Participant: 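Please find one structure pasted underneath; my questions will follow.
Side-chain atoms are counted along with the backbone in the values below, which use heavy atoms only and exclude waters and symmetry mates. We count residues from 1, following the sequence as given. As the structure is a prediction and not an experimental result, all values here were calculated from the model.
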Amino acid sequence: MIEYYHELEEPELLTLQDEDGVENVVELLAQMDVDGKSYIAATPHIDDPAKSLGEEAELIVLVSEEEDGEEFLASIDDDEEYEKVGNLFLEKLMGYYDDDEEEEEGEEE
């Protein structure tokens with residue numbers, strides 16, 4: 001089962017800190033459970049939508065982990081796992097947007 005964050009009125013934003021301590025704001029796209037683990041797909045957040053036009057979107061896939069009773073999002077170190085989950089997200093997200101475009105075309109007719 002996949003949960004899409006796009007269906008919310010306001011984007012779901014999250015500030016991530018990389019291993020160098022640099023903070024980056026991302027927009028959550030979807031959450032999905034695969035093989036007993038919970039994964040999040042996100043993309044870098046751009047304040048001005050006009051700036052994002054024509055730019056290739058970057059897909060960030062993170063896994064939810066627990067340490068000392070606290071849940072956090074972590075990068076996926078295993079290339080096979082990242083590729084498998086990333087491809088599943090791409091397939092689901094592309095289908096989600098294709099369905100939206102078909103609905104909009106149907107409304108215009």
Side-chain angles (χ1 to χ4, degrees):
M1 162 107 178
I2 187 165
E3 177 184 339
Y4 296 101
Y5 290 98
H6 307 52
E7 295 170 352
L8 303 173
E9 286 187 32
E10 292 291 320
E12 185 74 24
L13 302 179
L14 183 66
T15 302
L16 301 176
Q17 188 175 61
D18 66 17
E19 57 271 351
D20 297 324
V22 177
E23 291 186 347
N24 298 290
V25 177
V26 297
E27 183 174 340
L28 302 181
L29 302 175
Q31 181 275 326
M32 178 172 45
D33 293 336
V34 178
D35 298 333
K37 293 183 181 179
S38 182
Y39 296 90
I40 298 286
T43 190
H45 177 68
I46 299 173
D47 290 329
D48 182 359
K51 288 182 180 178
S52 67
L53 294 175
E55 286 190 26
E56 208 169 293
E58 176 186 351
L59 183 67
I60 301 165
V61 180
L62 303 165
V63 62
S64 178
E65 295 186 350
E66 192 172 308
E67 189 174 292
D68 298 327
E70 292 212 24
E71 188 176 347
F72 65 95
L73 295 174
S75 59
I76 301 171
D77 296 328
D78 182 274
D79 290 341
E80 285 183 32
E81 179 183 5
Y82 187 89
E83 188 171 324
K84 175 184 175 180
V85 175
N87 286 333
L88 285 171
F89 270 122
L90 285 174
E91 180 182 305
K92 297 289 186 180
L93 290 167
M94 297 280 270
Y96 178 84
Y97 286 113
D98 287 345
D99 289 347
D100 273 357
E101 287 176 13
E102 288 173 14
E103 284 179 22
E104 288 174 12
E105 288 173 8
E107 290 172 3
E108 292 174 8
E109 292 176 11

Participant: Output all residues satisfying side chain to side chain contact (heavy atoms under 4.5 Å, CB included) with E83, sequence neighbours left out; order by chain, then residue number.
Facilitator: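 Only N87 meet the side chain to side chain contact (heavy atoms under 4.5 Å, CB included) criterion with E83.
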Participant: Locate the shortest heavy-atom distance separating V63 from S75; write the atom from each residue and the value.
Facilitator: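 Shortest heavy-atom contact: CG1-O, 4.2 Å.
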Participant: Is it the case that the side chain of D18 and the backbone of G21 share a donor-acceptor pair, with hydrogens and angles ignored and the cut-off at 3.5 Å?
Facilitator: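 Yes: the side chain of D18 pairs with the backbone of G21.
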Participant: With clusters built from Ile, Leu, Val, Met, Phe, Trp and Tyr whose side-chain heavy atoms come within less than 4.5 Å, directly or transitively, what are the remaining members of the cluster of V25, listed by chain and number?
Facilitator: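 L13, which link up through side-chain heavy atoms under 4.5 Å apart, make up the rest of the cluster.
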Participant: Distance check, rounded to the nearest 0.5 Å: I76 atom CD1 versus Y39 atom OH?
Facilitator: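 Reported value, rounded in 0.5 Å steps: 5.5 Å.
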Participant: More than 12 heavy atoms of other residues, nucleotides or ligands under 6.0 Å from CD of Q17: is that the case?
Facilitator: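 Yes, because the 6.0 Å sphere around CD of Q17 holds more than 12 heavy atoms from other groups.
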Participant: Supply the atom-to-atom distance L14 CG to E27 CD, rounded to the nearest 0.5 angstrom.
Facilitator: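 The CG atom of L14 sits 11.5 Å away from the CD atom of E27.
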Participant: How long is the straight-line distance from CG of L29 back to CD of E12, given to the nearest 0.5 Å?
Facilitator: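 These two atoms lie 11.5 Å from each other.
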Participant: I'd like to know if the side chain of T43 and the backbone of E58 have a donor-acceptor N/O pair within less than 3.5 Å.
Facilitator: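 Yes, T43 side chain to E58 backbone: donor-acceptor pair under 3.5 Å.
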Participant: Taking salt bridge (charged side-chain N to carboxylate O under 4.0 Å, His left out) as the definition, give me every residue that meets it alongside E81, ordered by chain and number, with sequence neighbours left out.
Facilitator: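 Partners of E81 under the salt bridge (charged side-chain N to carboxylate O under 4.0 Å, His left out) test: K37.
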Participant: Looking at every non-hydrogen atom in both residues, tell me the closest pair between L93 and A30 and how far apart they are.
Facilitator: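 Closest approach of L93 to A30: CD2-CB, 4.2 Å.
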Participant: Could you give the distance from OH (Y82) to CZ (F89), rounded to the nearest 0.5 Å?
Facilitator: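 The distance works out to 10.0 Å.
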Participant: Please report the interatomic distance CE(M32) to CD(E3), rounded to the nearest 0.5 Å.
Facilitator: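 If I round to the nearest 0.5 Å, the distance is 12.0 Å.
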Participant: Can you name the closest pair of heavy atoms from E80 and D78 and give their distance?
Facilitator: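 Distance-wise, the nearest heavy atoms are N-OD1, 3.1 Å.
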Participant: Would you say CG of D68 has more than 12 non-hydrogen atoms from neighbouring residues, nucleotides or ligands within 6.0 angstrom?
Facilitator: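 12 or below, so no.
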Participant: Taking atom types as modelled and ignoring hydrogens, do the side chains of S64 and E71 form a donor-acceptor contact shorter than 3.5 angstrom?
Facilitator: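 There is such a pair (donor and acceptor under 3.5 Å, judged by atom type) between the side chains of S64 and E71.
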Participant: Is the shortest side-chain heavy-atom distance between L16 and L62 below 4.5 Å?
Facilitator: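 A side-chain contact under 4.5 Å exists here.
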Participant: Identify the two heavy atoms, one from G86 and one from V61, that lie closest to each other, and give their separation to 0.1 Å.
Facilitator: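 Taking every non-hydrogen atom into account, CA-CG2, 4.0 Å.
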